[in-house]
There are 2 protein chains.
Amino acid sequence: MTLPREILQRIKEIESDTTSGSLAITRKAAITVLHFVVRMQHSRPSDVRSNLIRISERLIHAQPAMGALVNLAGIMRTVSEESEEKKLSQIVKAVVKEYVRQLGESSEAISLSASRLIKNNRTVITHSFSSVVLQTLLRAHNQGRRFRVICTESRPTREGLTLAKKLGKHGIPTTVVADAAVFSHLSNAASVLVGADAVTRNALVNKVGTYPIALAAKVKRIPFFVLCCSLKFVPDRLIPSTFALQNPEEILGPRRFRHVTARNIYFDSTPLAYITRIINEKGAFTPGKFTREAKLSMRPNRFRPLP
Amino acid sequence: MTLPREILQRIKEIESDTTSGSLAITRKAAITVLHFVVRMQHSRPSDVRSNLIRISERLIHAQPAMGALVNLAGIMRTVSEESEEKKLSQIVKAVVKEYVRQLGESSEAISLSASRLIKNNRTVITHSFSSVVLQTLLRAHNQGRRFRVICTESRPTREGLTLAKKLGKHGIPTTVVADAAVFSHLSNAASVLVGADAVTRNALVNKVGTYPIALAAKVKRIPFFVLCCSLKFVPDRLIPSTFALQNPEEILGPRRFRHVTARNIYFDSTPLAYITRIINEKGAFTPGKFTREAKLSMRPNRFRPLP
């Protein structure tokens, strides 16, 4: 039995979503799985199992750099392989719901710790759009701190502008700079705050342009903070060695020029050595401590309902 | 006597030229001065002198980060102050023409040396648009070398695209990348080649985004070459401590958003320590050697016709 067309369509949308953050995309994936489980409730249990495994593979393939999604799919796969067929739908439903609940809870906890890092009358630099960074900055603002945010434009999809507008709407004074110009502002900033698509034992995977900012921040001794829940930690081998090529028209425009191509890549890898602290759901840790903790917390059992 | 309206208009155009390279802009300035001299040939010599001094000041103010222009204006000023009034027009004319001639000759010589740095089957990265870099790459291509060029988009004015199209037209395979993505390509490049707006004893002034590329190239041990004639060398004090703010709409678009501003700056400063070699009209030098040589070659007398 092949996957229902509607589910394939949803996975395709996840694959071509070039603007949402990784948590939003992971939620979309969870909804897709829940949808599938409801739809398949009268199907043969063996079909449900094989299709759940197929969905998990396709989800990883759709956004292989997004740790939270890769882990959701990985846990789904393990649970699908190991659970009793008759109870599988119920178990997967519970696991996916619990995973999404933990994701949300982690974001809350992270924004609570991280908001304490935002001091009065200082400037914070961020890059790209991260929902947890947005949550953190709004929380600090609501707690009465007055600060300024510098957002990078974040070409090619310019999601930094989206973040700036949201911050501005809440009354936070925000300055947008070209991606190439953010380095000129580092020396006047108190810190850099970014989200994460994934963290491995060696690197932070995040929107392209994160690496040079972290490098320059290290050289200029500006603290570089990454907001990242444990559920985004993945083994190195799960991160592709080269990231997917996106639509070249986003760089070149609709016209073609002889001998001219574009390489449009959305992610880069930052060595963990450039990162001051990773803030997860339990607090602020050195990258080494973060990865040790995260490895322990990734057992699929954590998400399974009690028998 | 105030400056003729037409001259003021030409200086204004130089000030608002956001896309030409610094050599093209310096040539525009030279034409403006020659124009003025012709126009004023029947005016009182003291008016010519005072107006030449005024023009030199306005030219520096128009593009204070462009060394070649700043030096042209400085030499004009010295010559105007020191020369006999009656001969001043003729002397300034000769000096300006000689300066422009030397600029062109230097570009030729630089592109000749620098083209030897471009090796077969390698990738060269460049940033922004530099006429000398273009000349160098075309020369290497015409000499039969086959190589690939990676151009940054170079937001906000995207002059990297202009360079890519020119290279492509001549059959050089060219790849355009977002400014934030160029760092991901460094490890596969043989070298980085950029032009210069100015070089001081401490820093290279060039299109914003040059600094992080030079820093990352240093860390990744990729040679970073700057093509810069001696006429672009200026004392540190002549470079403004903060660069001019350009039109924020280039970043934000035409709409306004509450509490959101843009800082649109075109230049940054790169410590000379990140630069492997500066190629001037005499060859490839360490930054220290380049500045020592350049200081010696900047005497106004060099440009004066023999009495």
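In what follows, chains are A, B, ... by sequence order, proteins preceding strands, each numbered from 1.
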| task | Return yes when atom NZ of K12(A) has more than 12 non-hydrogen atoms of other residues, nucleotides or ligands closer than 6.0 Å, and no otherwise. | result | no

| Taking all atoms of both residues into account, what is the closest heavy-atom pair of R148(B) and T261(A), and its distance? | NH1-OG1, 4.4 Å

| How far apart are the C-alpha atoms of L161(B) and L252(A), what are their side-chain angles, what is the distance that settles it, and do they pass the side-chain contact (heavy atoms from CB on, under 4.5 Å) test? | CA-CA 7 Å; L161(B) 230 67; L252(A) 296 177; 4.0 Å; yes

| What part of V182(A) lies closer than 4.5 angstrom to a heavy atom of chain B: side chain, backbone, both or neither? | neither

| said: Surrounding CZ of R139(B) (heavy atoms of other residues, nucleotides or ligands, distance under 6.0 Å), is the total greater than 12? | reply: yes

| Where R155(B) and A178(A) come nearest, the two heavy atoms and their spacing | O-CB, 4.5 Å

| note | The interface call for K169(A) against chain B, heavy-atom contacts under 4.5 Å, is backbone

| note | Ranked by heavy-atom pairs below 4.5 Å to chain A, first place among V176(B), V208(B), L167(B), L215(B) goes to V176(B)

| Just wondering, are more than 12 heavy atoms of other shown residues or ligands nearer than 6.0 Å to CZ in R146(A)? | yes

| query | Among C151(B), G168(B), S269(B), which has the most heavy-atom pairs under 4.5 Å with chain A? | reply | G168(B)

| Nearest-0.5 Å distance that lies between atom CG in D179(A) and atom CD1 in I251(B) | 8.5 Å

| Of all heavy-atom pairs between V260(A) and A164(B), which one has the smallest distance, and what is that distance? | CG2-O, 3.3 Å

| field | Pairwise side-chain contact, S184(A) with I265(B), heavy-atom cut-off 4.5 Å (strictly under) | value | no

| request: Report, as yes or no, whether the 6.0 Å neighbourhood of atom CZ on R145(B) holds more than 12 heavy atoms from other residues, nucleotides or ligands. | output: yes

| To the nearest 0.5 Å, how far apart are OG1 in T270(B) and CZ in F183(A)? | 11.0 Å

| query | Tell me, side chain or backbone of I172(A) under 4.5 Å from chain B's heavy atoms, or both, or neither? | reply | backbone

| In terms of heavy-atom proximity below 4.5 Å to chain A, should V219(B) be classed as side chain, backbone, both, or neither? | side chain

| said: Need one label for K166(A): side chain, backbone, both or neither, based on atoms under 4.5 Å from any heavy atom in chain B. | reply: neither

| field | When H170(B), K165(B), E250(B) are compared by non-hydrogen pairs under 4.5 Å with chain A, the top option | value | K165(B)

